[in-house]
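Structure first, commentary second.
Please read all numbers here as calculations on a predicted model, not as lab measurements. Quick note on labels: first sequence line is chain A, next is B, and so on, each numbered from 1.
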Number of protein chains: 2
Amino acid sequence: MTVDLVIFTVNLEQLKVLLVKRAEQPFAGLWSIPGGFLESAESLEDAAIRVMQEKTGVKEIYLEQLYTFGAPARDPRARVVTVVYFALIPWQNLPQPTSKKISDLGWHAVEQLPELAFDHREILNYATSRLRAKASYSNIAYGLLPAHFRLSELQKMYEIISARELDKRNFRKRMLATGLLEETGQKDSAGAHRPAMLYLFKKREFVLLD
Amino acid sequence: MTVDLVIFTVNLEQLKVLLVKRAEQPFAGLWSIPGGFLESAESLEDAAIRVMQEKTGVKEIYLEQLYTFGAPARDPRARVVTVVYFALIPWQNLPQPTSKKISDLGWHAVEQLPELAFDHREILNYATSRLRAKASYSNIAYGLLPAHFRLSELQKMYEIISARELDKRNFRKRMLATGLLEETGQKDSAGAHRPAMLYLFKKREFVLLD
DNA sequence: CCAAAAGTGTTATTGATACACCCATGC
DNA sequence: GCATGGGTGTATCAATAACACTTTTGG
C-alpha cells in the first residue's frame, strides 16, 4: 500500500506538476510522482500530508483523494496498490529549492512531460482531466493563489487550467456574484501600471459555483 | 486490503442498498456492505465484480470506484484499507432470492437503515450523496433500468434518486433532446391503460448531460 | 504623453421553468 | 363510459455570452 501525490502548481503561465527522478530500479532514471508507503498508525490523508511535506516543505494545502490504482502488474516487483491524492500549491508559497539535489526533484509542464515510471502517465492524465473538469464548476483555483490576489490573476489561473480564454467583464461579474470574494481594501502597486484592488477568498474551502 | 461494494437498486419507489448480516465478531449480528479481500492476481475492479457476482449472481452492471477508506482504527482487529465501489442494478435483473440464507442478505431502503458495522454508515452516506449528485447531471439512471423502458419509468427513477418531483413535459423534452435515447418501436401493453412507447439507451455508458 | 493593465453596463441569445388539456386502452 | 397513465406546445423568466471604451498609474 502506497500513497502517491499529484502536486500541481502554476508558474510562468503553465500548469506544472512535481516529479521525482528515480535513483533505483525499476525504472531508474525515469521520472515519477512523489509517494511513500503507508505507515501503520496513520490515515491515508495523513500519509499524503507527510509525503507532501517531505517533498515540498509545505503542509497546508488543498488536498483531495483522486483515485486508487491497483492493476496487478503496475509494479514489476510486487503487488502494490496506490491511493493517489491530488494537491494544489500556490507557486509563491514554495520555498526556494535548495541547491543540492536540484536535479532529482522538478516541476514539469503537464504539456511537456518526460517519460514516466510505472503507470504514472495514466495517473497524471487522469489527474489533469479531473482538475480541468473541476475548474469549470468550482472555486478550485483558490488552492493555486496566494492569500491576496488580483482578479486578473484569478482569471489567468482559470484560463491556464481550462486552456481557454475568458471574457474579463463576464468573469469579474460572475466571480463577485458568488459572494466568495472579499476586497482587502489594499491595492497592489507592484505592477508598472494602474494598481489593482486585491481580493481574498472569504473561506478557503472547496465550493461548487452557482 | 479489501474491496467493498455499495450496491444500489430501486424497488417499490425506494432507493435500496444490499446489506449482509455479519455472522462473526466483530460486530456480529449487525449489517454491513458486502466485500472481500483483494486476491493476488486480480485488479481492484475484477475483485469488485467477483464480490458482486458472489452476492447477487449478476455480473454485467454499472460499476464505479467511489472512494478509499483507510482510517487506522476502522477495523478493530487489524489495519484494513478498503477500496469502495458503487454499483447499480436494475431490480428486474436480480435473480429471485433463494429461500435459504434469506435472512443474512437483504435490500434495505437508504432512508431506513439498520445499525451498521465498522464505518459502513459513513460509507453509505457518502455513496448516497454521490449518487444523488450524479443523478442531477448525468444519465446514470440507465444502470437502474432494464434494457427497454418507458419514459415514465425513467422519470420515476430520477425522481426517486433525487427525491424531488419533475415536470413530465420538461423531462421528456430534455431527455429526448440529449440524443441518448432511441425508440424501440414497440409498445408496452403490460399496464392496464394506454400502452407506452418503449425506449432504450443507444449507449449503455456514463455521459454527462448537456 | 504614451504604454499597459484596471475597471465598468447593456443587449442579444439561450436555456430552464411553469403550466393544462386531449388520447388510447382495459375493465 | 370511466379511470388511468400516455402524450403534447407555448410563454415567461433567468442565466449566459458578446461586445468597447475610459481610468489610473509608471516611466
Side-chain angles (χ1 to χ4, degrees), chain A residues 10 12-13 92 133 135-139 141 145-146 148-160 162-200 207-210, chain B residues 10 12-13 92 133-139 141 145-146 148-200 207-210:
Chain A
V10 169
L12 300 177
E13 309 218 345
Q92 293 87 340
S136 66
Y137 61 83
S138 79
N139 67 339
L145 287 170
H148 295 185
F149 50 87
R150 311 167 169 214
L151 286 182
S152 60
E153 293 175 303
L154 182 60
Q155 179 176 346
K156 180 65 80 179
M157 205 52 79
Y158 277 99
E159 290 179 334
I160 292 165
S162 64
R164 66 194 179 111
E165 297 204 334
L166 300 171
D167 178 86
K168 181 163 59 158
R169 278 171 294 190
N170 292 337
F171 179 82
R172 299 167 81 96
K173 216 184 310 169
R174 209 160 50 96
M175 269 298 153
L176 294 172
T178 63
L180 299 172
L181 295 177
E182 194 173 288
E183 289 191 1
T184 61
Q186 297 165 29
K187 299 213 173 191
D188 178 4
S189 36
H193 308 293
R194 176 173 174 179
M197 173 62 69
L198 292 176
Y199 288 80
L200 54 83
V207 176
L208 298 181
L209 297 183
D210 306 349
Chain B
V10 169
L12 299 177
E13 311 217 344
Q92 293 87 340
K134 289 206 162 220
S136 66
Y137 62 83
S138 80
N139 66 340
L145 287 170
H148 295 184
F149 50 85
R150 312 165 170 215
L151 286 182
S152 59
E153 293 175 303
L154 182 60
Q155 180 177 344
K156 178 66 79 177
M157 204 55 78
Y158 277 99
E159 290 179 336
I160 292 165
I161 296 172
S162 65
R164 67 194 180 110
E165 297 203 337
L166 300 172
D167 178 85
K168 181 164 56 158
R169 278 171 295 190
N170 292 337
F171 179 81
R172 299 167 81 96
K173 216 185 313 169
R174 209 159 51 95
M175 268 299 154
L176 294 172
T178 62
L180 299 172
L181 296 177
E182 192 173 290
E183 289 191 3
T184 61
Q186 299 165 27
K187 298 213 172 190
D188 177 2
S189 37
H193 306 292
R194 175 175 175 177
M197 174 60 72
L198 291 176
Y199 288 81
L200 55 82
V207 176
L208 298 180
L209 298 183
D210 305 348

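Residues A:Leu208 and A:Asn139 fail the side-chain proximity criterion, which asks for heavy atoms closer than 4.5 Å.
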Under 3.5 Å, N/O pairs linking protein and nucleotides 17-23 of chain D:
{"residue": "D:dA18", "atom": "N7", "partner": "A:Asn170", "partner atom": "ND2", "Å": "2.9"}
{"residue": "D:dA18", "atom": "N6", "partner": "A:Asn170", "partner atom": "OD1", "Å": "3.1"}
{"residue": "D:dC19", "atom": "N3", "partner": "A:Arg169", "partner atom": "NH2", "Å": "3.4"}
{"residue": "D:dC19", "atom": "N4", "partner": "A:Asp167", "partner atom": "OD2", "Å": "3.3"}
{"residue": "D:dA20", "atom": "N1", "partner": "A:Arg169", "partner atom": "NH1", "Å": "3.2"}
{"residue": "D:dT23", "atom": "O2", "partner": "A:Arg194", "partner atom": "NH1", "Å": "2.6"}

Under 3.5 Å, which N/O atoms of the protein pair with N/O atoms of nucleotides 12-14 of chain D?
none

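Evaluation of the side-chain contact (heavy atoms from CB on, under 4.5 Å) rule for A:Ser136 yields no partner, not counting sequence neighbours. Judged as a side-chain contact (heavy atoms from CB on, under 4.5 Å), and not counting sequence neighbours, the contacts of B:Lys173 are B:Asn170. Residues passing the salt bridge (Lys or Arg N to Asp or Glu O under 4.0 Å) test with A:Glu13, sequence neighbours excluded: A:Lys156. Annotation: side-chain hydrogen bond (donor to acceptor under 3.5 Å, both in side chains) contacts of B:Arg150 (sequence neighbours excluded): B:Asp188. Partners of B:Gln155 by side-chain contact (heavy atoms from CB on, under 4.5 Å), not counting sequence neighbours, listed by chain and number: B:Glu159, B:Leu166, B:Lys168, B:Phe171. Partners of A:Leu200 by side-chain contact (heavy atoms from CB on, under 4.5 Å), not counting sequence neighbours, listed by chain and number: A:His148, A:Glu182, A:Thr184.
In this structure, B:Ser152 reaches the D:dG6 phosphate: one of its side-chain N or O atoms is under 4.0 Å from OP1 or OP2. Not one side-chain nitrogen or oxygen of B:Arg150 sits closer than 4.0 Å to the OP1 or OP2 atom of D:dG5.
In this structure, the nucleotide among D:dT25, D:dT8, C:dA24 sitting nearest to the side chain of A:Pro195 is D:dT25.
The overall bend of the helix from C:dC1-D:dG27 to C:dC27-D:dG1, read as the angle between its terminal helix axes built from five base pairs each, is 0° when rounded to 10 degrees.
The shortest heavy-atom contact between A:Tyr158 and A:Ser138 is OH-O, 2.9 Å.
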